[in-house]
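Residue numbers begin at 1 in each chain, while the letters A, B, ... track the order of the sequences.
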Amino acid sequence: MIDLKYMQKNFDEVEKKLRKKSVDSALLEEVRGLFEQKKAAQQALEELQAKQNKDSKLFGVYKKEGKDIGQLQAVVAETKKQIAEQNAIASELEQKLLNVASGIPNIPDEEVPEGEDEEQNVELEKIGELPKFAFEPKEHWELAQNGWIDFERGVKLAKSRFAMFRDKGAKLERALVNYFLDHNGENGFEEVSVPLLNNADMLYGTGQLPKFGDDLFQTDDGLYLIPTSEVPLTNIYNDEILQESQLPLRFTAHTPCFRKEAGSAGRDTRGIIRQHQFSKVEMVALCTPEQSDELMEQMVQNASELLSNLGLAHRKVMLCGGDLGFGAARTIDLEVWLPGQNCYREISSVSNTRDFQARRAKIRYKQGKKNKLVHTLNGSALAVGRTMVAIMENYQQADGSIKIPEILHKYM
RNA sequence: CGGGAGAUGGCUGAGUGGUCGAAAGCACCGGUCUUGAAAACCGGCGAGGGUCACACCUCCCAGGGUUCGAAUCCCUGUCUCCCGGCCA
C-alpha cells in the first residue's frame, strides 16, 4: 500500500512517478476525490460521536444528583440516529477508498528505467564465461530423457504443468536445496521452516490479495497455498512492533511454491521452466529505511555467488518500470545462461518493496518513541527447478550425460 | 471431532454496566544520586486516526446484539490451554 497521506499532499508528483508503471490516472483521480470525501464524512461522524459520549456521561451525573433524565434521553436518541446514518456513509467511503487504493502499485525508485516490458530492462553486468560446445547443446527436456524428470507421470498425478523428479534428478534437487540453505545461512540469513498454507491477511500483507487472487490455489477453509515463501517470511512479524536493535532481520527458507499461472497459457509449456508447483529457496529481509539499499546489494550478491559457485554464467538486469512487480520499488533479476535455449532466463529476482508491504502488513519498529514502518526485501536464492535446468543444459556432455558441478559433490 | 477453562497495553496481570484506554508489577526511556555502574528515589511510557499543538474519534481476539452508556451482559466465530477420541 502506498502512503495515502503522502499521495494526497503530493498528488502530481506521485502520479508522475506512477506513470512509469503505467497506472491508470483515472484511478488515481478517484482516490484523490475519495480521500477528501472520506475525511469530511469522518469528521462529521466524530463530532456526533463526541456529542453522544458527552451526553451519555451526563447520565451518571444526573442520576447521582437525582435529576430528571427524560429530555436527555430524547436528545441522545436523536444523536444516535444521526450517528447510524453518518456511520453508514463514512464506512462505505472508507471501504471504497481502501479497495481502490489497495490496487495502486508501489512507486518505482528514481533510478528505475522507463519502459513497457522486459525488452527495456537494462543489463547491468555479465558474470562468468559462456560455455562452448563441440556439439549442438540440447534443451533440458530432451536431456531429461535420462530419467531425471518424469513429465507424463507428473501430469497424471496432478495435471498439466506438474512434473516429478526421479533418481539423480530428485537427488540433485535435494542437493541444491541443501547447498543454497547452507550458503544463505553462512551469509547471515536465519533458516526457517514455514507453513505452506497462509491466511488471507498474510497474502494481503505482501500484496497478492486482493488483486492477484486468480493466481493462487485456495483451500475450502479460506487458506491459500503460498505462491512463494516471501509471503510467510515477510509476514513473520505481521502486525508487530520490533525494536530497532533487532534490525536487520534476515530469513531464508526452502518451500515449494504454488501458482495457477493464470494468463500464462502457451508460455513455456515444455519442460519445467513454468510449473504450478516448483521449489524455491527464498531470502527475506526486514530492516530500517537506512539499511535497505545495502541489503538489496547484499542479496543480489548472495544469489549471484550461488550461480558463480555452480559455474553458471549469468547477468544482472535492472527491471524497467513496466516490468516491475506490483509491490516492488526496484527489482534486479539474475538471468542464467541456458545453452540449450540459447538465451538468458530469469533464475532469481530480488526486490526492495520499501515500506509498501510493511504498511499493508503493519510491520513496524520503534525508533526512539516513534513507531516507523520497516522496509522489506525479498529475493530468490535460488529457484531450484530452474537451477536444475541450468545445470542440465550447461553441464551436458556429448553423450547426453550430465556432470554434477564440483560444489555439489559433497551434497550428493 | 466431543467436554471444560480462557483471550486485556512489549510481558505478567487487576478490572463484571457509568468520567476506564484501562490498577499494579516487570521491561523500556529521561532525571536525581554516584568517579562509573548497581540499588534507591522522581517522572514518562499501548496502537491507529486527527490537530501547528490541543481538543476530539476508534481500538480491551473478531463479528453481531442488549443499553442513554459495555473491557464488563447475550449470541456467533477464531485461537490458546486442560481432559477424552482419532492419528503422521
Side-chain angles (χ1 to χ4, degrees), chain A residues 1-10 31-32 34-102 193-205 209 218-224 232 235-247 249 256 286 288 355-374:
Chain A
M1 177 75 82
I2 68 171
D3 187 343
L4 287 179
K5 260 192 286 184
Y6 182 83
M7 180 174 168
Q8 190 212 4
K9 285 189 188 140
N10 310 278
V31 169
R32 174 150 73 173
L34 278 171
F35 203 87
E36 299 297 335
Q37 287 177 51
K38 194 213 95 175
K39 188 170 171 179
Q42 192 71 31
Q43 276 169 353
L45 174 65
E46 288 185 6
E47 255 169 58
L48 288 166
Q49 286 172 323
K51 180 167 163 54
Q52 198 207 4
N53 285 342
K54 229 165 95 190
D55 288 343
S56 284
K57 279 178 183 164
L58 276 179
F59 270 86
V61 179
Y62 278 28
K63 243 166 86 179
K64 228 181 266 172
E65 295 174 354
K67 282 193 191 163
D68 179 51
I69 56 171
Q71 204 188 339
L72 193 55
Q73 229 152 4
V75 172
V76 174
E78 175 59 24
T79 311
K80 264 184 82 168
K81 218 191 320 174
Q82 292 176 359
I83 287 179
E85 288 167 16
Q86 190 59 38
N87 188 29
I89 296 170
S91 52
E92 193 190 327
L93 283 169
E94 174 150 22
Q95 198 51 52
K96 209 164 152 192
L97 177 68
L98 209 66
N99 283 345
V100 179
S102 63
S193 173
V194 293
L196 304 179
L197 291 162
N198 281 196
N199 63 48
D201 286 346
M202 303 306 119
L203 285 134
Y204 177 82
L209 290 178
Q218 188 174 8
T219 69
D220 59 8
D221 53 356
L223 294 169
Y224 298 82
N235 282 296
I236 290 175
Y237 290 102
N238 184 295
D239 200 17
E240 294 195 38
I241 302 173
L242 298 156
Q243 296 301 322
E244 187 171 7
S245 57
Q246 290 178 266
L247 302 175
L249 285 163
L286 310 182
T288 68
D355 61 12
F356 186 85
Q357 290 178 326
R359 185 170 294 106
R360 294 176 153 240
K362 300 193 274 285
I363 310 168
R364 294 146 296 170
Y365 71 99
K366 271 235 184 289
Q367 188 182 61
K369 282 184 158 286
K370 282 233 159 105
N371 293 323
K372 297 184 62 180
L373 294 168
V374 301

*Asks:* Tell me every residue that passes side chain to side chain donor-acceptor pair (under 3.5 Å) with A/Q8, counting only those two or more places apart in sequence or in another chain.
*Replies:* A/E36
*Asks:* What integer number of Å spans the C1' atoms of B/U67 and B/G18?
*Replies:* 12 Å
*Asks:* Please name all residues satisfying side chain to side chain donor-acceptor pair (under 3.5 Å) with A/Y237, sequence neighbours left out, ordered by chain then number.
*Replies:* none
*Asks:* Salt bridge (Lys or Arg N to Asp or Glu O under 4.0 Å) with A/R359: which residues, sequence neighbours excluded?
*Replies:* A/D3, A/D355
*Asks:* Test your reading of the model: is there a side-chain donor-acceptor pair from A/N371 to the backbone of A/R364, 3.5 Å cut-off?
*Replies:* no
*Asks:* Could you check which nucleotide pairs with B/G84 in any of the strands shown, counting Watson-Crick or G-U wobble with both distances under 3.5 Å?
*Replies:* B/C1
*Asks:* Just the rounded figure in Å: distance from P of B/G18 to CG of A/D55.
*Replies:* 19 Å
*Asks:* Rounded to the nearest Å, what distance is computed from the CZ atom of residue A/R364 to the P atom of nucleotide B/A47?
*Replies:*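 Interatomic distance, CZ of A/R364 to P of B/A47: 9 Å.
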*Asks:* B/G48 P sits how many Å from A/M1 CE, rounded?
*Replies:* 16 Å
*Asks:* Can you confirm whether A/K372 sits close enough to A/E244 that some side-chain heavy atom of one is under 4.5 Å from a side-chain heavy atom of the other?
*Replies:* no
*Asks:* To the nearest Å, give me how far apart CD (A/Q246) and C1' (B/A27) are.
*Replies:*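 My rounded result for the distance is 14 Å.
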*Asks:* Just the atom pairs and distances: protein N or O near nucleotides 69-80 of chain B's N or O, under 3.5 Å.
*Replies:*
| unit_1 | atom_1 | unit_2 | atom_2 | d |
| --- | --- | --- | --- | --- |
| B/G69 | OP1 | A/K80 | NZ | 3.1 |

*Asks:* Base, sugar-phosphate, or nothing: which does A/K5 touch, judged by heavy atoms less than 4.0 Å apart?
*Replies:* sugar-phosphate
*Asks:* So, using side chain to side chain contact (heavy atoms under 4.5 Å, CB included) as the criterion, who are the partners of A/Q243 when residues are at least two apart?
*Replies:*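 With neighbours one apart ignored, the set is A/S245, A/Q246, A/K366.
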*Asks:* Using only side-chain N and O atoms of A/K39, determine if any of them is under 4.0 Å from OP1 or OP2 of B/U51.
*Replies:*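 Yes, because at least one side-chain N or O of A/K39 sits under 4.0 Å from OP1 or OP2 of B/U51.
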*Asks:* Rounded to whole angstrom, note down the C1' distance from B/A14 over to B/C87.
*Replies:* 41 Å
*Asks:* Closest approach to the side chain of A/N53, judged atom by atom: which nucleotide of B/U58, B/G49, B/A47 is it?
*Replies:*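 Closest nucleotide to the A/N53 side chain: B/U58.
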*Asks:* Need the pair for B/A62. Rule: Watson-Crick or G-U wobble, both distances under 3.5 Å, any strand; none if unpaired.
*Replies:* B/U76
*Asks:* Identify the nucleotide, in any strand shown, that forms a Watson-Crick or G-U wobble pair with B/A70, with both distances under 3.5 Å; if there is none, say none.
*Replies:* none
*Asks:* With a 4.5 Å cut-off on side-chain heavy atoms, are A/L98 and A/M1 touching?
*Replies:*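 When only atoms from C-beta onward are counted, A/L98 and A/M1 do touch, with a gap below 4.5 Å.
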*Asks:* Nearest whole Å is fine: how far is B/G63 C1' from A/D201 CG?
*Replies:*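 Interatomic distance, CG of A/D201 to C1' of B/G63: 14 Å.
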*Asks:* Tell me which of A/F35 and A/K51 sits closer to the 5' end of RNA chain B, going by the nucleotide each one is nearest to.
*Replies:*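 The residue closer to the strand's 5' end, by nearest nucleotide, is A/F35.
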*Asks:* With P as the reference atom in both, quote the distance from B/A62 to B/U78 in angstrom, rounded to an integer.
*Replies:*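 Their P atoms lie roughly 16 Å apart.
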*Asks:* Can you find a side chain N or O atom of A/K366 that sits less than 4.0 Å from OP1 or OP2 on B/A47?
*Replies:* yes
*Asks:* Looking only at atom P, what distance separates B/G25 and B/G43, rounded to whole Å?
*Replies:*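 Nearest-Å result for B/G25 against B/G43 at atom P: 12 Å.
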*Asks:* Round to the nearest Å and state the distance from A/R359 atom CZ to B/G48 atom P.
*Replies:* 12 Å
*Asks:* So which nucleotide does B/A39 pair with, by the Watson-Crick or G-U wobble rule with both distances under 3.5 Å?
*Replies:* none
*Asks:* Could you identify which residues of residues 43-50 of chain A place a heavy atom less than 4.0 Å from some atom of RNA chain B, listed by residue number, or say none?
*Replies:*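 Hits under 4.0 Å, by residue number: A/E46, A/Q49, A/A50.
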*Asks:* Using atom C1' of each nucleotide, how far apart are B/U16 and B/A23 to the nearest Å?
*Replies:* 15 Å
*Asks:* Looking only at atom C1', what distance separates B/G65 and B/G17, rounded to whole Å?
*Replies:* 15 Å
*Asks:* Any strand counts, and the cut-off is 3.5 Å on both contacts for Watson-Crick or G-U wobble. Which nucleotide pairs with B/C28?
*Replies:*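 Partner of B/C28: B/G44.
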*Asks:* State which residues pass side chain to side chain donor-acceptor pair (under 3.5 Å) with A/Q218; sequence neighbours excluded, sorted by chain then number.
*Replies:* A/Y224
*Asks:* Round to a whole Å and report the spacing from CG of A/L93 to P of B/G49.
*Replies:* 19 Å
*Asks:* Considering only the C1' atoms, how many Å lie between B/U8 and B/G44, rounded to the nearest integer?
*Replies:* 22 Å
*Asks:* Tabulate below the donor-acceptor pairs under 3.5 Å that side-chain atoms of residues 75-87 of chain A make, not counting sequence neighbours, or state none.
*Replies:*
| unit_1 | atom_1 | unit_2 | atom_2 | d |
| --- | --- | --- | --- | --- |
| A/E78 | OE2 | A/Q82 | NE2 | 3.2 |
| A/T79 | OG1 | A/V75 | O | 3.0 |
| A/Q86 | NE2 | A/A41 | O | 3.2 |

*Asks:* How far, in whole Å, is B/U72 from B/G21 if one measures between their C1' atoms?
*Replies:* 14 Å
*Asks:* Would you mind reporting whether A/Q49 and A/E46 have side-chain heavy atoms less than 4.5 Å apart?
*Replies:* yes
*Asks:* Using whole Å, report how far CD of A/Q243 lies from P of B/C29.
*Replies:* 9 Å
*Asks:* Show me the pairs that pass salt bridge (charged side-chain N to carboxylate O under 4.0 Å, His left out) and involve residues 50-62 of chain A, at least two apart or across chains.
*Replies:*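 Qualifying pairs, neighbours excluded: A/K51-A/D55.
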